[in-house]
Each structure stands twice: as C-alpha cells, then as structure tokens.
A.B. asks: 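One structure, as structure tokens, below. Some questions next.
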Amino acid sequence: MTELRVGLIGAGGISRVHADAWRAIGARGTVLSRSRSRAAELATEYDLDMAADIGTLLSDVDVVDIMTPSATHAAFALAAIEAGVHVVCEKPLAPTAAEAQRILDAAESAGVRLFPAHVVRYFPAYANIRARLAAGEVGEVTSQRFFRRGPAPTAPWFFHESTGGGVIRDLMIHDIDQALWFAGPVASVSAVQDPPTADDTVPVPVTARVDLIHVNGIHSHLEATWGAPGLAFRTGVEMSGTLGILSHDSAEASSRSEATDHLPPVPETDGPYLRQIADFVAAIEQGADARVSTADAVTAIAVVEAAYASIDSGAPVLLTSGMS
C-alpha cells in the first residue's frame with residue numbers, strides 16, 4: 001500500500017480503470033473534472049474528494065493522473081510540473097512531438113517524474129512476445145503486423161485531428177508504441193486512411209494503415225479501425241522471423257474480448273492498468289525507471305505525425321535520424 005495522494009484530472013470513460021488501479025494500491029484520491037456531475041459521481045463511487053480548481057488540486061497531491069481530451073494534456077502536465085507534482089498522463093502525452101518534448105524538458109528541469117500511460121506494454125501477451133523475441137525464439141525478425149479495431153468513441157473531440165483526435169493518434173498509437181518497443185527506431189513512415197478526413201472531421205467507420213521501415217530493416221504493418229457501435233474490440237500481433245512466427249489475437253485468448261466499448265476489455269483484478277500504475281508508483285518510490293519512458297512517448301507521437309504527413313502528401317516520410 002502507498003501513502004501517495006493522487007489527483008485524478010478527468011472523469012470520462014477511462015477514469016474508472018485508473019481509479020480502480022489507484023484504489024487497489026491504496027492511494028488516497030481527489031478528482032477534478034470540467035463536468036461537476038461526472039466528478040461527483042466518480043467521487044462518490046471511489047470515496048474521493050473533489051477539487052474546485054487545478055490550483056487547489058495541485059496543492060494537495062503528490063501525483064496527478066491526467067485523463068482529459070488529448071489537446072489539454074500539455075497544459076495540465078506543465079501546471080503540475082511547475083507545482084512540483086509527479087505526472088501520469090494518458091496517451092498521447094501531447095498532440096505533437098514538439099509539445100511532448102516541451103513537457104519532457106520541463107519535468108527533467110524540475111526534477112519531477114513523468115509517466116506516459118502506454119498501457120499495452122503491461123498487457124501480458126505483448127510483454128511475453130517481447131521477452132520471447134529477446135530470447136531469440138523466432139531468430140532474426142523480418143516483419144511484424146499489428147491490428148486494433150473496435151467501435152468508435154462517442155465524444156466529439158476524438159474526431160478532430162487538429163485538436164488532438166484521429167484514429168492514428170488515439171487508437172493506433174498503442175501499436176506504434178509496440179512496434180517501436182519490439183523493433184526499435186523508424187526510418188520511414190507511409191500511411192493511408194479510408195475514408196479520408198474531410199474538413200477536420202474523421203468519418204466513421206474509418207480504417208488507417210501505416211507501414212514502418214525500421215532502421216534495422218524490419219517492416220511493420222499496422223491497421224486500426226473505428227467501427228460502428230457493436231463492433232467487438234479486438235487486437236492482434238504477428239512477429240515473423242527466420243526461425244518462425246509468434247502471434248497473439250485477443251479474440252482467441254479471452255472471452256472478454258467480446259466487449260463492445262471503445263476501450264479494451266481488461267480483467268477486474270491484476271489487470272494491465274493496475275500493473276501500469278504499480279510500476280509508476282514503484283518508480284517514484286524507488287527512484288527507478290518505469291517500463292515506458294517519456295522519450296518513448298515523444299517518439300511514438302513523432303511517428304504519428306509522420307503518418308499524418310504521409311497521408312497528406314501521398315508519399316513516404318523519412319525520419320532520417322531514426323526515431324528511437
């Protein structure tokens with residue numbers, strides 16, 4: 001159990017799995033949300049205090065957990081860092097790599113810990129594949145494929161790319177992070193989206209496909225879909241190498257994959273969100289590294305930006321320095 005006091009910023013759909021995790025490790029909590037009714041509901045359900053404003057919240061907590069629309073992440077994170085409060089932030093850390101780098105630099109300058117919530121690294125199937133790759137089970141990896149699909153979210157901001165939305169930035173970023181975690185830096189990004197975004201509004205249903213060529217020559221093929229209501233959430237990965245193939249399909253692994261919310265189904269106990277928060281808390285208390293670094297988050301966002309640039313130009317985008 002931890003003595004940390006956490007400030008939950010945001011009371012939307014993702015807030016409850018985060019609140020479950022903080023409650024499981026014994027942290028005391030306060031919630032701040034633009035919607036007082038949703039904040040009150042979350043506060044009642046999880047025995048949280050309610051903060052009137054960001055200043056009040058930051059004066060009373062050790063760490064904040066930011067779960068607001070993506071365009072607001074940077075402002076909340078920078079305010080927390082200025083107050084000397086550690087930060088957990090839902091992905092993406094910011095809509096642009098430049099903004100994310102600014103947050104990273106501010107945290108390092110202030111001596112504040114900053115943890116991007118790339119939760120798929122804490123799903124056992126993905127962590128297991130990475131361990132098996134490291135053990136050489138498939139020999140030299142030649143290619144990897146990822147897919148992620150589910151019903152589209154309902155909040156309007158998700159569908160406006162200019163303010164932090166978009167199927168690549170919000171959904172595919174999970175698999176972009178995994179592709180980087182498994183195969184390392186990227187040299188080239190090619191992307192298409194069907195149907196295309198029009199007047200800054202992402203249509204539904206929509207599918208984006210992104211191809212990455214890594215510095216080491218590995219090819220990554222990624223596909224993400226926001227579908228109609230009722231589409232079962234499903235993810236998968238396949239790693240091909242000179243000695244064989246490793247794969248995972250959530251639909252084959254668990255009956256819980258039949259969930260139709262736009263969030264992935266997770267176990268009620270000892271799930272990836274709990275593992276993630278526990279890892280972050282251990283890193284704070286022990287001065288250790290977490291499984292995902294802020295630099296990892298900046299790199300994933302840079303690849304996302306390159307994907308959108310490729311869609312706009314109709315041509316591959318070169319990352320000549322190799323994003324790592």
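Because the structure is predicted, anything quoted here is derived from the model rather than measured. Side-chain atoms are counted along with the backbone in the values below, which use heavy atoms only and exclude waters and symmetry mates.
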A.B. asks: Using a distance-only test with no angle check, is there a side-chain donor-acceptor pair under 3.5 angstrom linking Thr142 and His219?
C.D. replies: no

A.B. asks: Verify whether one side chain among Thr235 and Tyr126 offers a donor that lies under 3.5 Å from an acceptor in the other.
C.D. replies: yes

A.B. asks: Between Ala300 and Ile176, which heavy-atom pair has the shortest distance, and what is it?
C.D. replies: O-CG2, 4.0 Å

A.B. asks: Mind jotting down which residue pairs meet the ring pair (Phe, Tyr, Trp, His ring centres under 6.0 Å) criterion with at least one end in residues 77-115? Sequence neighbours excluded, please.
C.D. replies: Phe115-Phe280

A.B. asks: Applying the 4.5 Å side-chain criterion to the ILVMFWY set and letting contacts propagate, would Ile284 and Leu58 be lumped into a single cluster?
C.D. replies: yes

A.B. asks: For the side chain of Thr225 and the backbone of Gly227, is there at least one donor-acceptor N/O pair under 3.5 Å apart?
C.D. replies: no

A.B. asks: Do other residues, nucleotides or ligands put more than 12 heavy atoms under 6.0 Å from the CD atom of Glu140?
C.D. replies: no

A.B. asks: Can Asp105 and Arg102 be counted as an ion pair, charged N to O under 4.0 angstrom?
C.D. replies: no

A.B. asks: Between the main-chain N or O of His248 and the side-chain N or O of Glu238, is there a donor-acceptor pair closer than 3.5 Å?
C.D. replies: no

A.B. asks: Can you confirm whether Val202 sits close enough to Glu161 that some side-chain heavy atom of one is under 4.5 Å from a side-chain heavy atom of the other?
C.D. replies: yes

A.B. asks: Looking at Val189 and Val210, what are the two nearest heavy atoms and their distance?
C.D. replies: CG1-CG1, 4.0 Å

A.B. asks: Determine, stepwise, if the pair Asp62 / Arg113 fulfils salt bridge (Lys or Arg N to Asp or Glu O under 4.0 Å).
C.D. replies: CA-CA 11 Å; Asp62 305 298; Arg113 301 302 302 273; over 6 Å; no

A.B. asks: Flag yes if more than 12 heavy atoms outside Arg291 fall under 6.0 Å of its CZ atom; otherwise flag no.
C.D. replies: yes

A.B. asks: Heavy atoms, side chains only, cut-off 4.5 Å: are Pro153 and Phe159 in contact?
C.D. replies: yes

A.B. asks: Taking only residues at least two apart or on different chains, which pairs with a member in residues 65-77 satisfy side-chain hydrogen bond (donor to acceptor under 3.5 Å, both in side chains)?
C.D. replies: His18-Asp65, Trp22-Asp65, Thr68-Thr72

A.B. asks: So, do Val63 and Val87 sit near enough that their side-chain heavy atoms are less than 4.5 Å apart?
C.D. replies: no

A.B. asks: Membership question, hydrophobic clusters at under 4.5 Å side-chain separation (ILVMFWY): are Val120 and Phe147 in the same one?
C.D. replies: no

A.B. asks: Please tell me whether Ser35 and Ser33 have a donor and an acceptor in their side chains that are separated by less than 3.5 angstrom.
C.D. replies: no

A.B. asks: Please check if any side-chain donor atom of Tyr122 sits under 3.5 Å from a side-chain acceptor atom of Asp279, or the reverse.
C.D. replies: yes

A.B. asks: Is Lys91 paired with Asp170 through a side-chain N to carboxylate O contact shorter than 4.0 Å?
C.D. replies: yes

A.B. asks: Output, in order, the C-alpha distance, side-chain angles, deciding distance and verdict of salt bridge (Lys or Arg N to Asp or Glu O under 4.0 Å) for Arg148 and Asp175.
C.D. replies: CA-CA 8 Å; Arg148 186 167 298 266; Asp175 291 322; 3.0 Å; yes

A.B. asks: Just jot down the side-chain contact (heavy atoms from CB on, under 4.5 Å) partners of Ala106, sequence neighbours excluded, or say none.
C.D. replies: Leu78, Ile81

A.B. asks: Does the gap between the ring centers of Phe146 and His221 come in under 6.0 Å?
C.D. replies: no

A.B. asks: Give the minimum heavy-atom separation between Leu212 and Val186, together with the two atoms involved.
C.D. replies: CD1-CG2, 4.0 Å

A.B. asks: Could you tell me whether the side chains of Thr207 and Asp194 share a donor-acceptor contact shorter than 3.5 Å?
C.D. replies: no

A.B. asks: Does Arg169 use its side chain to pair, donor to acceptor, with the backbone of Pro95 at less than 3.5 Å?
C.D. replies: yes

A.B. asks: Would a distance-only check, ignoring hydrogens and angles, find a side-chain to backbone donor-acceptor pair under 3.5 Å from Arg28 to Leu4?
C.D. replies: no

A.B. asks: Mark yes or no for whether Ser310, through its side chain, and Ala306, through its backbone, hold a donor-acceptor pair below 3.5 Å.
C.D. replies: no

A.B. asks: Distance alone, cut at 3.5 Å: any donor-acceptor contact between the side chains of Thr197 and Gln193?
C.D. replies: yes

A.B. asks: Report the C-alpha distance between Leu133 and Val141 in whole Å, list the side-chain angles of each, state the deciding distance to 0.1 Å, and finish with yes or no for side-chain contact (heavy atoms from CB on, under 4.5 Å).
C.D. replies: CA-CA 8 Å; Leu133 291 174; Val141 177; 3.7 Å; yes

A.B. asks: Tell me whether Arg16 is salt-bridged to Glu41, with the criterion being a basic N under 4.0 Å from an acidic carboxylate O.
C.D. replies: yes

A.B. asks: Closest heavy-atom contact between Pro316 and Ser188?
C.D. replies: CB-OG, 3.9 Å

A.B. asks: If you compare all heavy atoms of Ser220 against all heavy atoms of Gln144, which two are closest, and at what distance to 0.1 Å?
C.D. replies: OG-NE2, 2.6 Å

A.B. asks: Can you tell me if Tyr308 uses its side chain to pair, donor with acceptor, with the backbone of Val303 under 3.5 Å?
C.D. replies: no

A.B. asks: Does a donor on one side chain and an acceptor on the other come within less than 3.5 Å for Asp53 and Thr56?
C.D. replies: yes

A.B. asks: Where is the tightest heavy-atom contact between Ala94 and Ile301, given as atom of each residue plus distance?
C.D. replies: O-CD1, 3.3 Å

